A.B. asks: 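After the structure tokens below, expect a handful of questions from me.
Order of listing sets the numbers, starting from 1, for every ligand and every atom in it. Just so you know, these numbers come straight off a predicted model, no measurement behind them. The figures here come from the full heavy-atom set of this structure, side chains too, leaving out hydrogens, waters and symmetry mates.
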Amino acid sequence: MATAEDPVKKAEIDQPLLERHKKPVCLIVLGMAGSGKTTFVQQLTGLLHMKKKAPYVINLDPACREVPYPVNIDIRDTVNYKEVMKQYSLGPNGGIVTSLNLFATKFDQVIKLIEKKSENTEIAIFDTPGQIEVFTWSASGSIISETLGALFPTVVVYVIDTVRSVSPVTFMSNMLYACSILYKLRLPFIIVMNKIDVVSHKFALEWMKDFEMFEEAVERDKSHHANLSRSLSLTLDEFYKDITTVGFSAVTGEGFEEFLAAVDAAVVEYETEYCPEHDRLLKLQAEARTKDKDRQKKKFQHDFDNDVQAQSVSISLFLITNNEFLADEEDRVGQKSFHNFLEEQKKKQQSKSNKPS
Ligand SMILES: Nc1nc2c(ncn2[C@@H]2O[C@H](COP(=O)(O)OP(=O)(O)OP(=O)(O)O)[C@@H](O)[C@H]2O)c(=O)[nH]1
């Protein structure tokens, strides 16, 4: 615990979390195609550079034509997406999934590189493919997010196109997707409402806070999904309560400071909620493994004991039979020798009595 006499500790605690963290915070940037992920990463990288906090940037999109920001690791340097498509006769999505899977097999090297930079890097940013499900519902996506989550403070940044989300149905679809990603990845989560230079995200905040305002918007929307959106909004109430939302413009940089503050809060959440939960799950897994080993050991011991018992029964049965056999034999031999002895004694007596006195 920090005390007044402990200035070093106090200074550490007074520092923002990002500054006193030993390891870089990993931001996994996800979002629907066209939501502005790449522009967001570009803007974030530029602003962090200006703050003299150059991030470590990793591009995980094997199919992008060009990366408009300084990138430290690029999946395209490791995997040739077009060649993968050709070699395995795959379509574009299959090609991206397979490229990402191939890259995931080398992810330990990415981890080593990030760890090497941990001294002077506070943030590592992962830009992901536009086909969001390629990352969120693939084995490689799970491997990457779970590995990062286990080793570094990791935050999912879900980018939403605010302009398109003015439609209650599109907004609801986006929220449902965000909810499903949160459920799948179980990492601290920030929703970035992008493109606020075009449309303010206030309407979305109001919809999330006040169900009746969302209902009014749904009333105005005559689409056949409106009823569904209304009932889903009630269902998502709990999700809205806990989720962090930040308005951002990837073009102007508006919302940058709020975003950094949200990342700080997410790191606290990572430390106080994710890590204990992660450790608890690891402990449960270890306990389950130990229990399973004990169960297998007991079963083996039980089977072994049964086997030994069965064998010893058959051996003792065999011995008993043999003993009986031996006893009979001994008896028979004994009886025979005793009979012989008596016969000899009789003969001796007879010869004695036949001798003339
Ligand atoms: N006005 C405005 N336009 C933006 C903003 N962010 C992105 N855009 C534009 O939105 C379009 C899509 O942006 P990208 O950054 O390519 O989106 P993405 O999510 O990376 O797209 P994919 O690579 O297909 O997944 C581009 O034309 C950007 O210029 C923003 O904050 N404001």
Side-chain angles (χ1 to χ4, degrees), residues 27-50 55 57-77 79 81-82 84-85 91-100 103 124-138 140-141 144-145 155-167 170-171 173-178 180-181 185 189-205 245-260 262-263:
L27 304 180
I28 304 176
V29 182
L30 299 171
M32 305 273 187
S35 57
K37 293 180 298 294
T38 302
T39 318
F40 169 78
V41 173
Q42 184 185 14
Q43 182 66 257
L44 194 61
T45 306
L47 292 172
L48 285 169
H49 266 283
M50 275 162 65
V57 188
I58 299 106
N59 171 43
L60 294 180
D61 186 355
C64 68
R65 281 224 191 98
E66 58 180 77
V67 181
Y69 43 76
V71 67
N72 300 88
I73 300 175
D74 193 337
I75 186 172
R76 297 173 308 163
D77 295 336
V79 193
Y81 158 73
K82 288 212 168 133
V84 168
M85 272 171 66
N93 280 351
I96 296 174
V97 174
T98 309
S99 301
L100 210 55
F103 186 75
I125 308 172
F126 292 77
D127 193 6
T128 60
Q131 290 78 349
I132 189 169
E133 65 286 353
V134 163
F135 188 86
T136 49
W137 298 101
S138 69
S140 47
I144 292 171
S145 56
V155 181
V156 174
V157 178
Y158 184 64
V159 181
I160 284 181
D161 186 332
T162 313
V163 184
R164 294 193 63 201
S165 298
V166 291
S167 146
T170 310
F171 172 80
S173 307
N174 250 321
M175 288 300 153
L176 282 174
Y177 215 99
S180 74
I181 296 169
L185 303 182
F189 204 91
I190 300 172
I191 295 180
V192 167
M193 299 214 158
N194 193 30
K195 309 192 185 181
I196 57 166
D197 55 300
V198 182
V199 172
S200 164
H201 65 301
K202 274 193 188 129
F203 74 92
L205 295 181
T245 312
V246 177
F248 200 91
S249 167
V251 168
T252 65
E254 187 186 347
F256 173 63
E257 291 301 332
E258 289 91 323
F259 176 74
L260 284 191
V263 172

A.B. asks: If you count only heavy atoms, which residues are under 4.0 Å from ligand 1?
C.D. replies: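 Correct list: M32, A33, G34, S35, G36, K37, T38, T39, G130, N194, K195, D197, V198, S249, A250, V251.
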
A.B. asks: Looking only at atom types and distance, does a side-chain atom of R76 sit under 3.5 Å from a main-chain N or O of R65, one as donor and one as acceptor?
C.D. replies: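 Present.
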
A.B. asks: Strictly distance-based, threshold 3.5 Å: is any side-chain N or O of D61 a donor or acceptor partner for the main-chain N or O of D127?
C.D. replies: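 Such a contact is absent between D61 side chain and D127 backbone.
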
A.B. asks: Please examine the side chains of F103 and I73, heavy atoms only from C-beta on, and report whether any two atoms are closer than 4.5 Å.
C.D. replies: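 A side-chain contact exists here, since the closest heavy-atom pair is under 4.5 Å.
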
A.B. asks: Determine yes or no for a side-chain-to-main-chain donor-acceptor pair under 3.5 angstrom, with K37 supplying the side chain and G31 the backbone.
C.D. replies: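 Such a contact is found between K37 side chain and G31 backbone.
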
A.B. asks: State yes or no: are the ring centers of F259 and F40 separated by less than 6.0 Å?
C.D. replies: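 That pair passes the under 6.0 Å test.
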
A.B. asks: Tabulate below the donor-acceptor pairs under 3.5 Å that side-chain atoms of residues 93-100 make, not counting sequence neighbours, or state none.
C.D. replies:
from : atom 1 : to  : atom 2 : distance (Å)
T98  : OG1    : G94 : O      : 2.8
S99  : OG     : G95 : O      : 2.7

